[in-house]
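Some notes on the structure that comes next.
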Amino acid sequence: MELSADTVLELFLHSLSLWWVIVPAIVVGIIMGAIPGFAAHNTIIILLPLTLMVPVEVALTFMVALYCATHLGGGIPAILMNIPGTGGAAATTLDGHEMAKQGKAQQALVLAFAASTLGGLITSIVTLFALPVLSLVGYYVHSVEMVVIMLFGLTLIAVIAAEDTVKGLIAGFFGLMLGAMGADHVYAAPRGTFGLLELFDGVPLIPALIGLFAISEAFVMIEQETIVSSKGQDRAQRASWADTFEGLRIAAANWWHIVWTSFIGLLVGVLPGAGASIGAFVAYQQSRFFSKEPEKYGTGYAKGVLAPEAANNGVTSGTLVPLLAIGIPGGSTAAVMMIVLQFHGVPFGPRLFVESPLLAFGVIMSMVVAYIFMILTILPMARYLAKVTVIPTRLLAPMIVAFTLVGAFVPRSFVFDLGVAVAFGVIGYIARKTGYHVAAILIGVILGPLVEQSYIRALRISLGDPLVLFSSTLGNVLWVMLVLSLAMPYILNWLRRRKAAQAAS
C-alpha cells in the first residue's frame, strides 16, 4: 500500500475521530507511568478484558495512546522525587532531579514533556513512512550487534564513574553481580539463588528499580523536611508560565538534540528484546560523550533531561515495527497487542499490510495523534506538578513507600518481591549515604544479563570462538563507533587545549 497525501490525511482524521479513546488512555497512562511498577503492559493486561470487547482498531488505539503516555508519565516522579516511574526514566533522574533540587522542577518537567512528545511525534511520523525499511533493521542485527549496542549503555557507568572512578566502577560491578543471579542462559544452572525459586529467573527488575530509587529515596527524605532547599521552595511556589516558556525556549534551542537522540530510541526500539531502558541509557551516554560540555551532565543540565526522554519515547514507535512488519513483538507491550490482534483474528506480520493496511498504518497514526493531544494537555500541568517538591517529606515518604510496594507486587504477584524491594531499598540507602551512585548499580542489574545472554548466544553460534564478536561488518562498524564515542571527548578536549595554547602564544 502506498501512502499518498490523501491516505495520510484520511488516516489522521480517522485517528482524530477516536479522541474519546485517546484522551482517557493518556490520562490513565500518565498516572500509571508516574507510579513505579505500573508499566504499560501491566496496565493493559489489567484492562485486557475491556480491549477485547471493543473493535480491534479502538482497542489498539487505546493501547498505543496508553503506552506512549506511560513513558511520558515515568519522567514525572523521576524529576520531582528522584524516583523513575519506569525503567526508561531512570536516566532522567541524573539531571532532572538535580534541576528540581535547584528549584527548576517546572522547567525540568517542561523539558521532559517537550522532548517526550516531540521525540515521540518525530519518530512516529518517520515510522509511518519508513516502516518497510525499518522492519529490515531487525534482520541485520543479531547477537553480535546486540552485544555492542548494550555495551553502549553499559559505558554510561563510566560517565557516572567520572565523578569518582573507583566508587562508580564498584557500584557498576556490584550491579553486574546482582544481575548475574538466577539460572544461566545455556545450562539453566542456578547462580546465587540461595535455593530460592523466586530468583531462578534472576533478580526481578521492577522491585529492584523500586527499591534502589523509590524506597531508598524515601529513607533519605525522612532525614530532611522537604525535597528542595528553602530557596528552591520559594521558586517552586512562585511557579508561573514564565518557567514553562523558558523550558520551551530551551527545548526549541536544542531541537536537533531531541531529534538525534529520539532516533537512537527508534533504532533501539526496533530491536526485539531491547527496550526503553537501553534506549534511554544509550541516548544519555551518547549525548554526554558528544557534548562540548560533558562536565555539566549530572549537575542539572538541560540536555541530560532531553536525551533520555526523547529516546524512551522514540522507543515506543520502534517496538511496534517488528510486530507490524514481521510479526515479532518488540517488547512486552507489543506482545500484549499481539494477543488482541490474535483474538480479533487479524493477521500480523507482512499479511497485515496486505489484508488490513489501514489498520497497520492507523496504529502508528494513532501515536502521532496521541502525542499531539499529550503536548496540549500536559504542558499546563507542569506548574502545578512542580509544587509536589514543597510537600513535607513526613507526608510524602510514607506515601511513596506504600504506592511503590504495591507497584513491586503487581508484576509477578509474589510477596517475595516486596522483600526484594525493601532489600534493594536498604542497598540503595547505603549507596546514597556512602557516595555510590544507585544508577550505576541499576545499569549493571538491567544490562548485565542482557549482554551475557547475547554474548553466550553468539558464542554458541560460533562454536565457542570469541572472535565472532568481530565477524560482522555492521558489528565492526558499531565497535568503531563505540571506541570513537569513548575517545572523542578526550580528543576534543585535547584539541581545545591545543587551540587555546596556540591562541595564548
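Just so you know, these numbers use all the heavy atoms, side chains as well, and skip hydrogens, waters and symmetry mates.
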Taking the side chain as every heavy atom from C-beta outward, state whether H437 and K167 have any pair of such atoms under 4.5 Å apart.
no
Heavy-atom pair of closest approach, residues G475 and V148
O-CG2, 4.3 Å
All ring-ring contact (aromatic ring centres under 6.0 Å, His included) counterparts of F12, not counting sequence neighbours
none
With a 4.5 Å heavy-atom cut-off, do V110 and L248 have their side chains touching?
yes
Give a yes or no on whether a salt bridge exists between E217 and R432, defined as a side-chain N under 4.0 angstrom from a carboxylate O.
yes
For the residue pair L447 and I443, establish whether any side-chain heavy-atom pair is separated by less than 4.5 Å.
yes
Any donor-acceptor N/O pair, D95 side chain to G298 backbone, under 3.5 Å
yes
Point-to-point distance, once rounded to the nearest 0.5 Å, from CD1 of I427 to CD1 of I441:
7.0 Å
Just verifying a value: how many Å separate M374 CE and M367 CE, rounded to the nearest 0.5 Å?
8.0 Å
Do you know the tightest heavy-atom contact between E309 and N313?
O-ND2, 3.2 Å
Does Y301 reach the main-chain N or O of E293 with its side chain, forming a donor-acceptor pair under 3.5 Å?
no
Assess whether side-chain contact (heavy atoms from CB on, under 4.5 Å) is satisfied between I430 and K433, documenting all intermediate values.
CA-CA 5 Å; I430 294 172; K433 301 304 286 185; 6.0 Å; no
Using only heavy-atom distances, determine whether the side chains of H14 and E57 contain a donor-acceptor pair under 3.5 Å.
yes
Going by the rule ring-ring contact (aromatic ring centres under 6.0 Å, His included), which residues pair with F173 if we only count those two or more places apart in sequence or in a different chain?
none
Residues in side-chain contact (heavy atoms from CB on, under 4.5 Å) contact with T61, at least two apart in sequence or another chain:
L18, I22, S366
Just so I know, are the side chains of L320 and V64 near enough to count as touching, which here means a heavy-atom distance under 4.5 Å?
yes
T123 OG1 to L266 CG distance, which is reported to the nearest 0.5 Å
5.5 Å
Could you check whether S116 and H71, counting side-chain N and O atoms only, form a donor-acceptor pair closer than 3.5 Å?
no
Output the distance between atom CG (D417) and atom CG (L205), rounded to the nearest 0.5 Å.
10.5 Å
Who pairs with L405 by side-chain contact (heavy atoms from CB on, under 4.5 Å), at least two apart in sequence or on another chain?
I215, V401, L418, A421, V422
Using a 4.5 Å cut-off on heavy atoms from C-beta on, say whether the side chain of F113 contacts that of I76.
yes
Under a 4.5 Å cut-off applied to non-hydrogen side-chain atoms, are Y429 and V438 in contact?
no
For W479, does the CH2 atom have more than 12 heavy-atom neighbours from other residues, nucleotides or ligands under 6.0 Å away?
yes
What's the separation between atom CG in L478 and atom CG in L474, rounded to the nearest 0.5 Å?
4.5 Å
Find the distance between CG (L395) and CD1 (I400) and round it off to the nearest 0.5 Å.
11.0 Å
All heavy atoms of F281 vs all of A90, minimum pair found to be CZ-CB, 4.0 Å
Between R288 and Y297, the two heavy atoms sitting closest are CG-CG, 3.4 Å
Taking the six-membered ring for Trp, are F174 and Y436 ring centroids under 6.0 Å apart?
no
Distance-only donor-acceptor check, side chains S317 and Y67, under 3.5 Å
no
Begin from the C-alpha positions of S216 and F424 and carry the test side-chain contact (heavy atoms from CB on, under 4.5 Å) through to its verdict.
CA-CA 8 Å; S216 68; F424 271 87; over 6 Å; no
Taking all heavy atoms of P84 and all of P77, pick out the closest pair and write down the distance.
C-CG, 4.5 Å
Residues which pass ring-ring contact (aromatic ring centres under 6.0 Å, His included) with F213, listed by chain and number, not counting sequence neighbours
none
Run the side-chain contact (heavy atoms from CB on, under 4.5 Å) test against A283 and tell me which residues pass, sequence neighbours left out.
T261, I264, A311
Applying side-chain contact (heavy atoms from CB on, under 4.5 Å), run through L80 and L109 and close with a yes or a no.
CA-CA 8 Å; L80 297 178; L109 286 171; 3.9 Å; yes
Give a yes or no on whether the backbone of I79 and the side-chain of H97 come within a donor-acceptor separation of less than 3.5 Å.
yes
Would you indicate whether the side-chain heavy atoms of L111 and I250 approach each other to under 4.5 Å?
yes
On a heavy-atom basis, which atom in Y371 and which in S124 lie closest, and how many Å separate them?
CE1-OG, 3.7 Å
Taking the side chain as every heavy atom from C-beta outward, state whether T92 and Y284 have any pair of such atoms under 4.5 Å apart.
no
